[in-house]
Amino acid sequence: MNIVFMGTPDFAVSTLDAVYNAGHKISLVVTQPDRPKGRHGEVQKSDVRIQAEKYGIPVITPERIRKEPEAIETLKNCAPDVIVVTAFGQILPQEILDIPKYGCINVHASLLPKYRGASPIQWAVLNGEKESGVTTMMMDAGLDTGDILLQKALPLDAKETGGSLFDKLASLGGELIVETLKQLEEGTLPRTPQDDSVATKVGLFTKTSGQMDWSQDADVLERKIRGLNPWPSAFTFLGGKQLKLWDADVVSQDTVKTDSFTPVAAASYDRNGAADLTQISGRIYSNGKRLIILCGKDALEIRSLQLEGKKRMTTEEFLRGHRFSTGG
């Protein structure tokens, strides 16, 4: 089939690879413009653009495709049978949806109609879902509201992170789009309208989304640590420095009554805020080898963490080199 592919981040690369390796003709790739990335703000190409150029596929990078007639005309000139969209990052106008012979197919990282919108992978972990998956859907003018084509589910591991689920669903998305295109060619592809009454919508995360509220229950915060790993990451503040939390287990608050645990500090809610050792939630206990933070219900035993300016390390490594001062 003659395909135009639209996508931007590394999640979409697996879909691009799968379509390319299945032998389809990809006449054009559309991706977001080069953006500043990283600590030094160097302008970099999108992951999809890098991969498309390796394949020798023409690439265009419209800032806002709905407002760029030249880009839309380029799409029309490709005369695609179908446009495949995966995490492109822009809303497509009806003029583009009407271009391909068979329509525009989106690869979405959730079991629609649950988790429409951005960041469905992280939200599945944060909300304690037992399974997630990928949906291919026929795009319409709404946000992830089109007819469901195919779906494939997978169970979440007990220690699933946003990053590990991201990798699994990226691979699964590639497999599912190939099967979707096969059935489309054969004329056997089903279409099932979504049930809007059970739909859920989720939004983007920001760098501050990982702020820990220690008055919440430990199981909620443990999922937050996993769901926002690797980005934007869960964090608190210790002695005026940001402390990222990478891995933790839920334990009873009574744990600190054993093994010589003593209160050594308290997590604060901002860089300049004073830690309050009179509060139960956020109080940090240690016995020199283990680190436990009390929560609204139960507590978290921290397994892996990263203090600002330091590398990621196990708690035992951290405790060997860190001296607590009053309040953190």
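Note that the structure is predicted; figures quoted are calculated from it, not measured. Below, all heavy atoms of this structure are taken into account, side chains as well, without hydrogens, waters or symmetry copies.
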Open item on the list: Let's go through Arg303 and Thr314 carefully: what are the C-alpha distance in whole Å and the side-chain angles of both, what is the deciding distance for side chain to side chain donor-acceptor pair (under 3.5 Å) to 0.1 Å, and is it a yes or a no?
Closed with: CA-CA 6 Å; Arg303 301 291 188 182; Thr314 65; over 6 Å; no

- [ ] Apply side chain to side chain contact (heavy atoms under 4.5 Å, CB included) to Gln242 and Leu307, showing your working.
- [x] CA-CA 6 Å; Gln242 186 183 75; Leu307 189 63; over 6 Å; no

Task: salt bridge (charged side-chain N to carboxylate O under 4.0 Å, His left out) between Arg290 and Glu301, worked out - done: CA-CA 7 Å; Arg290 300 167 65 189; Glu301 178 166 357; 2.8 Å; yes

Task: Test log, rule side chain to side chain contact (heavy atoms under 4.5 Å, CB included), inputs Leu294 and Val256 - done: CA-CA 9 Å; Leu294 303 189; Val256 300; 4.2 Å; yes

Open item on the list: If you apply the rule side chain to side chain contact (heavy atoms under 4.5 Å, CB included), what do you find for Ile3 with Asp81, and how did you get there?
Closed with: CA-CA 6 Å; Ile3 292 172; Asp81 294 314; 5.9 Å; no

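At distances below 3.5 Å, not a single donor-acceptor pair connects side-chain atoms of Asp47 with backbone N or O atoms of Pro9. Judged by distance alone, with hydrogens and angles left aside, the side-chain atoms of Asn21 form a donor-acceptor pair with the main-chain N or O of Asp17 at under 3.5 Å. For the pair Thr31 (side chain) and Gly7 (backbone), a donor-acceptor distance under 3.5 Å is present. In terms of modelled atom types and a separation under 3.5 Å, the side chain of Gln306 and the main chain of Lys310 share a donor-acceptor contact. With Thr136 contributing its side chain and Leu150 its backbone, the two residues share a donor-acceptor pair below 3.5 Å. Counting only distance, with no hydrogens or angles, the side chain of Thr315 and the backbone of Ile302 share a donor-acceptor pair below 3.5 Å. Proximity of a side-chain donor or acceptor of Thr135 to a complementary backbone N or O of Met137 within less than 3.5 Å is not detected.
In this model, no donor atom of one side chain and acceptor atom of the other lie less than 3.5 Å apart for Ser260 and Asn287. Gln211 and Thr208 share no side-chain donor-acceptor pair at under 3.5 Å. Between the side chains of Thr161 and Ser164, at least one donor-acceptor pair of N or O atoms lies under 3.5 Å. Between Gln253 and Asp298, the side chains place no donor N or O within less than 3.5 Å of an acceptor N or O (distance only, hydrogens not considered). A donor and an acceptor atom, one from each side chain of Ser46 and Gln32, are nowhere located under 3.5 Å apart. Between the side chains of Asp98 and Gln94, at least one donor-acceptor pair of N or O atoms lies under 3.5 Å.
Every residue two or more places apart in sequence or in another chain that forms a salt bridge (charged side-chain N to carboxylate O under 4.0 Å, His left out) with Lys152 is listed here: Glu175. Contacts of Trp246 classified as ring pair (Phe, Tyr, Trp, His ring centres under 6.0 Å), with partners at least two apart in sequence or in another chain: none. Every side-chain contact (heavy atoms from CB on, under 4.5 Å) that Pro62 has, sequence neighbours left out, goes to Val30, Ile60, Ile65, Glu68, Ala71. In this view, Glu95 and Lys76 satisfy the salt bridge (charged side-chain N to carboxylate O under 4.0 Å, His left out) rule, not counting sequence neighbours.
Within the 4.5 Å cutoff, side-chain heavy atoms of Phe5 are placed close to those of Thr86. You'll find the side chain of Val125 reaches within 4.5 Å of the side chain of Leu156, heavy atoms only. At a threshold of 4.5 Å between non-hydrogen side-chain atoms, the residues Ser304 and Arg312 count as touching. For the pair Tyr55 and Ile26, the minimum side-chain heavy-atom distance is 4.5 Å or more. Contact annotation: the side chain of Leu154 approaches that of Leu165 to within less than 4.5 Å [non-hydrogen atoms, C-beta and beyond]. A heavy-atom distance below 4.5 Å is not found between the side chains of Met139 and Ile105. Residues Val84 and Met1 fail the side-chain proximity criterion, which asks for heavy atoms closer than 4.5 Å. The shortest distance between side-chain heavy atoms of Lys37 and Glu42 does not fall below 4.5 Å.
Between Lys224 and Glu222 there is no salt bridge, since none of the side-chain N atoms of the basic residue sits less than 4.0 Å from a carboxylate O of the acidic one. Remark: Lys159 engages Asp247 in a salt bridge, criterion side-chain N to carboxylate O under 4.0 Å. Between Lys168 and Glu160, at least one side-chain N (NZ, or NE/NH1/NH2) sits under 4.0 Å from a carboxylate O, which counts as a salt bridge. For Lys297 and Asp217, the salt-bridge test fails: no basic side-chain N is under 4.0 Å from an acidic carboxylate O. Salt bridge present: Lys45 and Glu53 bring a charged side-chain N and a carboxylate O closer than 4.0 Å.
For residues 133-156, the set of pairs meeting the ring pair (Phe, Tyr, Trp, His ring centres under 6.0 Å) definition, not counting sequence neighbours, is empty. For the ring pair (Phe, Tyr, Trp, His ring centres under 6.0 Å) condition, the pairs that include at least one residue of residues 152-192, sequence neighbours left out, are Phe11-Phe166. Screening residues 143-162 for ring pair (Phe, Tyr, Trp, His ring centres under 6.0 Å), with sequence neighbours left out, gives no hits. Among residue pairs with one or both ends in residues 58-67, those qualifying as side-chain hydrogen bond (donor to acceptor under 3.5 Å, both in side chains) are Arg35-Glu63; sequence neighbours excluded.
Listed here is the closest heavy atom pair of Pro100 and Gly103: CG-O, 3.2 Å.
The one candidate from Lys241, Lys244, Arg271 that meets the side-chain hydrogen bond (donor to acceptor under 3.5 Å, both in side chains) condition with Glu308 is Arg271.
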Name the atoms and distances for all side-chain donor-acceptor pairs under 3.5 Å in residues 107-118, with sequence neighbours left out.
{"residue": "His108", "atom": "NE2", "partner": "Ser110", "partner atom": "OG", "Å": "3.3"}
{"residue": "His108", "atom": "NE2", "partner": "Tyr115", "partner atom": "O", "Å": "2.8"}
{"residue": "Ser110", "atom": "OG", "partner": "Lys114", "partner atom": "O", "Å": "2.7"}
{"residue": "Ser110", "atom": "OG", "partner": "Tyr115", "partner atom": "O", "Å": "3.3"}
{"residue": "Lys114", "atom": "NZ", "partner": "Glu129", "partner atom": "OE1", "Å": "3.2"}
{"residue": "Lys114", "atom": "NZ", "partner": "Glu129", "partner atom": "OE2", "Å": "2.9"}
{"residue": "Tyr115", "atom": "OH", "partner": "Asn127", "partner atom": "ND2", "Å": "3.0"}
{"residue": "Tyr115", "atom": "OH", "partner": "Glu129", "partner atom": "OE2", "Å": "2.6"}
{"residue": "Arg116", "atom": "NE", "partner": "Asp144", "partner atom": "O", "Å": "3.2"}
{"residue": "Arg116", "atom": "NE", "partner": "Gln194", "partner atom": "OE1", "Å": "3.2"}
{"residue": "Arg116", "atom": "NH2", "partner": "Gln194", "partner atom": "OE1", "Å": "3.0"}
{"residue": "Arg116", "atom": "NH2", "partner": "Asp196", "partner atom": "OD1", "Å": "2.7"}

Using a 3.5 Å cut-off and no angle test, enumerate the donor-acceptor pairs between side-chain atoms of residues 231-240 and protein atoms at least two apart in sequence or in another chain.
{"residue": "Thr236", "atom": "OG1", "partner": "Trp214", "partner atom": "NE1", "Å": "3.1"}
{"residue": "Thr236", "atom": "OG1", "partner": "Ser268", "partner atom": "O", "Å": "3.4"}

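Leu92 and Val59 sit in two unconnected hydrophobic clusters of ILVMFWY residues. Membership requires side-chain heavy atoms under 4.5 Å apart, directly or through other members.
A distance of 9.5 Å separates CE of Met313 from CZ of Arg320, quoted to the nearest 0.5 Å. We find the OG1-CG distance between Thr192 and Leu149 to be 8.0 Å, quoted to the nearest 0.5 Å.
Clustering of Ile, Leu, Val, Met, Phe, Trp and Tyr by side-chain heavy atoms under 4.5 Å joins Leu143 with Ile91. Under a 4.5 Å side-chain heavy-atom cut-off, the cluster of Ile, Leu, Val, Met, Phe, Trp and Tyr residues that includes Val43 has no other member.
Taking the six-membered ring where the residue is Trp, Phe318 and Phe324 present perpendicular rings, their angle passing 60° and hence far from 30°.
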